[in-house]
Protein chains: 2
Amino acid sequence: MSTVLGYRQLAERLREAVLDGVHPLGAKLPSEHEIAEAYSVSRSTVRRAFALLTEEGVIASHQGARRTVLARPREQNFGELRSFSRWARLIGEVPSGRTISLERAMADDQEAEKLGLAVGDPVFRLTRVRLLSGRPVMIERTAYVERVGTLLATVDLDRESICDALELFGIFLEHAEHAIDAINADPADAALLETAAGTALLRERRRATDPSGSPLEWSDDRYLGDAMTFIVRNSVASAPLARSIRDR
Amino acid sequence: MSTVLGYRQLAERLREAVLDGVHPLGAKLPSEHEIAEAYSVSRSTVRRAFALLTEEGVIASHQGARRTVLARPREQNFGELRSFSRWARLIGEVPSGRTISLERAMADDQEAEKLGLAVGDPVFRLTRVRLLSGRPVMIERTAYVERVGTLLATVDLDRESICDALELFGIFLEHAEHAIDAINADPADAALLETAAGTALLRERRRATDPSGSPLEWSDDRYLGDAMTFIVRNSVASAPLARSIRDR
DNA sequence: CAGTGGTCTAGACCACTTG
DNA sequence: AAGTGGTCTAGACCACTGC
């Protein structure tokens, strides 16, 4: 016998039901009451589970009408978004990295602002080229606060996932803000990515913080335009994506 | 006297409190119990309001510890994301458009797939250049299903917001999936945007559906790379953004 | 009009943080 | 050990959908 279900387990059951075709795309789902009955949980627990699926874009809901299936559930989580290595393994590619440089430096204006430091405070700058199955697809230029940077010396940057390594030291990247735009590859970018100068690159500038909101890293990642796409799903009810005028 | 607060109003009060500096960045917020008491609502209502702010990336929460302020609240909603006009007005720019073409056509492979039609079914294709204060910043190439497309004939495309107009007809774009990547401007793009061929463009391909999940439009929007940035915020708890290998 | 989802309450217990 | 957030229950009322 299964133990009593929590809302996460219930959500997982529902995801599986959708994947298994029990609830095809566009179908009406059972009512909250029916599901509560079927799984012997309260209506609140059912609603909590549905809230997860709504956030994931799997179902739509409207007052008075039964919920409908919008899309098939996906494997995706913050870990995969944060870590190139984890993401690559998920899609069945072999991730690797080539460290170009790692240096201790004094924070410039932008680093100071993004990391909540004073200009001149110590930071660690890491430049890496990331490869998928041997093909260079991304340049990562990251500035870490000193506390994190000093740990990097102990990590085999070309083999291990920095995220995984930092977690072993009790450092968790919990929140992130991503700014995404497009730029032409400059000669340095082009050389690292083995492409022509001027190639369109997708740039992701990311600021990640620990659970309390203290900045840990500030990164400028440039993806080969024809290798990467970002996917965002949203609804009237939740819009985690915003447009903004280019911040120069 | 104010009437009894709902969770949305409570969330708005809390947003204002953060904006007004009552709760500065990084500060600990009052406990759920204290807020419930202060506003004469139940603890559940407080939690519901906090859930909104968490989703917006404004606060962080951890079991056992008080919530902390992560960032200042932003004006952003789905309407601004969906509609170029609404977004432009929000940031204080004057939006305008120049319609290049509007034609009834038969769906090609991609349109059929994205709109859930059969190849050859009727679609309406609209091409527009969008301008901010007279400067071209985006090319919009959209395919609408017939039901929506036939309404477009009655809209002054260069002056009105299509979104606003469609809502008057009872058509609501409720869900959307956005795929974002970078490409070099081809000669046609360059001419429309008054820039050089090869300029990096930020491409957003978007599929929008009505509340029940039926596709209504499929669009390929190309933004001048140096004019636009997309912003995404997320946490371990919710990841609406996913990477994906370029779908060719 | 019955059914369904949206909101709210009051109370309980647990897991975790903090002093 | 006390405080705090996370989870769950049971029940109530309202707003909206769809027959």
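Remember, predicted model here, so these are calculated numbers, not experimental data.
Remark: DNA chain D forms stems of 3 or more consecutive Watson-Crick or G-U wobble pairs, all pair distances under 3.5 Å, at C:1-18 with D:1-18.
The residue A:Phe50 sits apart from the nucleic acid: no heavy atom pair falls under 4.0 Å. Residue contacts shown for A:Arg67 are limited to sugar-phosphate atoms, with no base heavy atom under 4.0 Å away.
The salt bridge (charged side-chain N to carboxylate O under 4.0 Å, His left out) search around B:Arg8 returns none, not counting sequence neighbours. Evaluation of the salt bridge (charged side-chain N to carboxylate O under 4.0 Å, His left out) rule for B:Glu146 yields B:Arg104 as partners, not counting sequence neighbours. Here B:Arg48 pairs with nothing under the salt bridge (charged side-chain N to carboxylate O under 4.0 Å, His left out) rule; sequence neighbours left out. Under the salt bridge (charged side-chain N to carboxylate O under 4.0 Å, His left out) criterion, B:Arg207 pairs with no residue at all, not counting sequence neighbours.
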| Under 4.0 Å protein heavy-atom contact, by nucleotide of nucleotides 11-19 of chain D - B base, S sugar-phosphate only | -B--BBS--
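Between B:Pro30 and A:Gly6, the residue whose closest nucleotide on DNA chain D is further toward the 5' end is B:Pro30.
The side chain of A:Arg48 approaches D:dT7 more closely than any other nucleotide in the set C:dT7, C:dG5, D:dT7. In the set D:dT9, D:dT4, C:dT4, the nucleotide with an atom closest to the side chain of A:Thr45 is D:dT9.
In this entry the distance linking NE2 of B:His33 with C1' of D:dG6 reads 17 Å, nearest Å.
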